[in-house]
There are 2 protein chains.
Amino acid sequence: MTESDTIAPAKTRLLDAALKVIRTKGYVATTLDDLCTEAGVTKGSFFHHFKSKEELALAAVEHWNTLTGGLFAQAPYTQIVDPRERVLAYIDFRSAILQGELPDFTCLLGTMVQETFETHPRIRDACEHGITLHARVVAADIAAAKAQYAPDAPWQPEDVALYTQAAIQGAFILAKARGSAEIAANCVAHLRRYVASLLGIVQDAEPGLPTNPIARGATGKTTKKR
Amino acid sequence: MTESDTIAPAKTRLLDAALKVIRTKGYVATTLDDLCTEAGVTKGSFFHHFKSKEELALAAVEHWNTLTGGLFAQAPYTQIVDPRERVLAYIDFRSAILQGELPDFTCLLGTMVQETFETHPRIRDACEHGITLHARVVAADIAAAKAQYAPDAPWQPEDVALYTQAAIQGAFILAKARGSAEIAANCVAHLRRYVASLLGIVQDAEPGLPTNPIARGATGKTTKKR
DNA sequence: GACGCCATACCGACTGGTTGGTATGGTTGC
DNA sequence: GCAACCATACCAACCAGTCGGTATGGCGTC
């Protein structure tokens, strides 16, 4: 903040390195030397900023929440007025960001919690908090859409929001197993179809693959705020 | 097979230990000492049966495929004649086995592939193979149901089968984050609803929670084979 | 504005314990 | 006697974490 922005400070570089390396190798396999090399700092610098590897992990989750929170808050789909369209555009957005290498778009929290849920309760809690946080944001839009288009439906917006997160996390696992993002896009397309049906959209029975959210264009077709 | 069944041989005990410990702590965090202690054998015995930790992991995946393959092959839902009912009963079965502690019902393959997809290509391939294997079994039932109830629908049985696996894997991640199986059951209930709708079942708009597959009873209501 | 003072940031060699893996020798069944 | 099976002792590499130290810059004092 107060510093000049010529080059990011060591702490930020370490946090960015953590996101990258942990998403690639997992938390346990990531060594402090890995992180220091990636960040271009030394061990001394690491322990100046973080008390332990676990403390870094907790800080990395915070960092992740900040970055992804900003990404979704500033995404174009948030400008869509109609809540049902907004929810579907959110899912389209999740599909659209499946770009680059696997560690570039998979989720830090889902990756870490698998390794740590029994052994590192603080990390597990942090991951749970991050996932729940995002699910709440999604749930708000779903609730608005439900109120307008399916007020009497028997499902809860929070449950559906959590289900969207589960489907996306599972899509990441399949993508990692296959070494390709393609299957993840397929899963998100099915998720979209389901959420659309929950919100009262009857699927047109056109022949072909499931609706491809990228191809149909996530934005530009509906009214925007302001 | 050829041995007497007084006590399981060391190799089997090691494989069973691997399933348990790896599902609890993850692959990387699992040490050979952990496995040997859990199995009640020594390091010498371990390296007599397995060339390395990675070889054990590959054998553990094989072991997993055998066990789970048998579990699903012998499950009561396979006796249901109507393919659509059979598919839904499969999903109900997936919900019904969400019992006990988290490491008891979560998936070895999904857990391992998250840690190893970039660092241990052989393990990743083994996990991919196991998941695809099971998905193919599910896809066969889905294809039969589609042929009968939704022959002109635009989706592919294989894609839907993979989606079911993604949703279930994601449900495990949420369950681990929350430390409870409850959320996983919620996710599987949503998955059931989606697959039912794909197969032409219009959801009754009864008020209340999403359809609970356990409560409605997975078996005993429909015609059985033989 | 020179000086002493101290906090923050960063460095890198070192350590004690752990890990995957090896070497070797003993025991059992055929 | 010999091959499969298992145990003990051991090793080199690696790991998280420690520690003594340097560089820098802000701040008060005279």
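So that the names make sense, note that chain A is the first sequence line, chain B the second, and so on, each numbered from 1.
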Aromatic ring pairing Y194(B)/Y163(B), orientation class (parallel under 30°, perpendicular over 60°, tilted between): perpendicular
Parallel, tilted or perpendicular: ring planes of Y77(A) versus F72(A), cut at 30 and 60 degrees: perpendicular
Please give, in whole Å, the distance from [N] [atom2] to [X] [atom1]?
X      : N       : atom1 : atom2 : value
L56(B) : dG20(C) : CG    : C1'   : 12 Å
D33(B) : dG21(C) : CG    : C1'   : 11 Å
L35(A) : dA16(D) : CG    : P     : 8 Å
R13(A) : dC10(C) : CZ    : C1'   : 10 Å
L14(B) : dA7(D)  : CG    : C1'   : 14 Å
F50(B) : dC6(D)  : CZ    : P     : 11 Å
F46(A) : dT18(D) : CZ    : P     : 11 Å
E54(B) : dT19(C) : CD    : C1'   : 16 Å

Touch class at under 4.0 angstrom, heavy-atom based, for K43(A) against every strand present: base
Touch class at under 4.0 angstrom, heavy-atom based, for T42(B) against every strand present: base
Among [options], which is the nearest nucleotide to the side chain of [X]?
X      : options                  : result
H49(B) : dA16(D), dC6(D), dC10(C) : dC6(D)
H48(B) : dC15(D), dT8(C), dC6(D)  : dC6(D)
F47(B) : dC6(D), dG20(C), dC11(C) : dG20(C)

Residue pair S95(B) / D92(B), side-chain donor-acceptor N/O under 3.5 Å: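 Looking only at side-chain atoms, D92(B) and S95(B) do not form any donor-acceptor pair under 3.5 Å.
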5′-ward residue of the pair L32(A)/G44(A) relative to DNA chain D: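 Here L32(A) is the residue nearer the 5' end.
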Y27(B) vs Q114(B) side-chain heavy atoms within contact, under 4.5 Å: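 Side-chain contact under 4.5 Å: no.
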Non-hydrogen side-chain atoms of H129(B) and D125(B) separated by less than 4.5 Å: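 No, every pair of side-chain atoms sits at 4.5 Å or beyond.
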5' precedence on DNA chain C between G40(A) and S52(B) (nearest-nucleotide basis):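 Upstream on the strand: G40(A).
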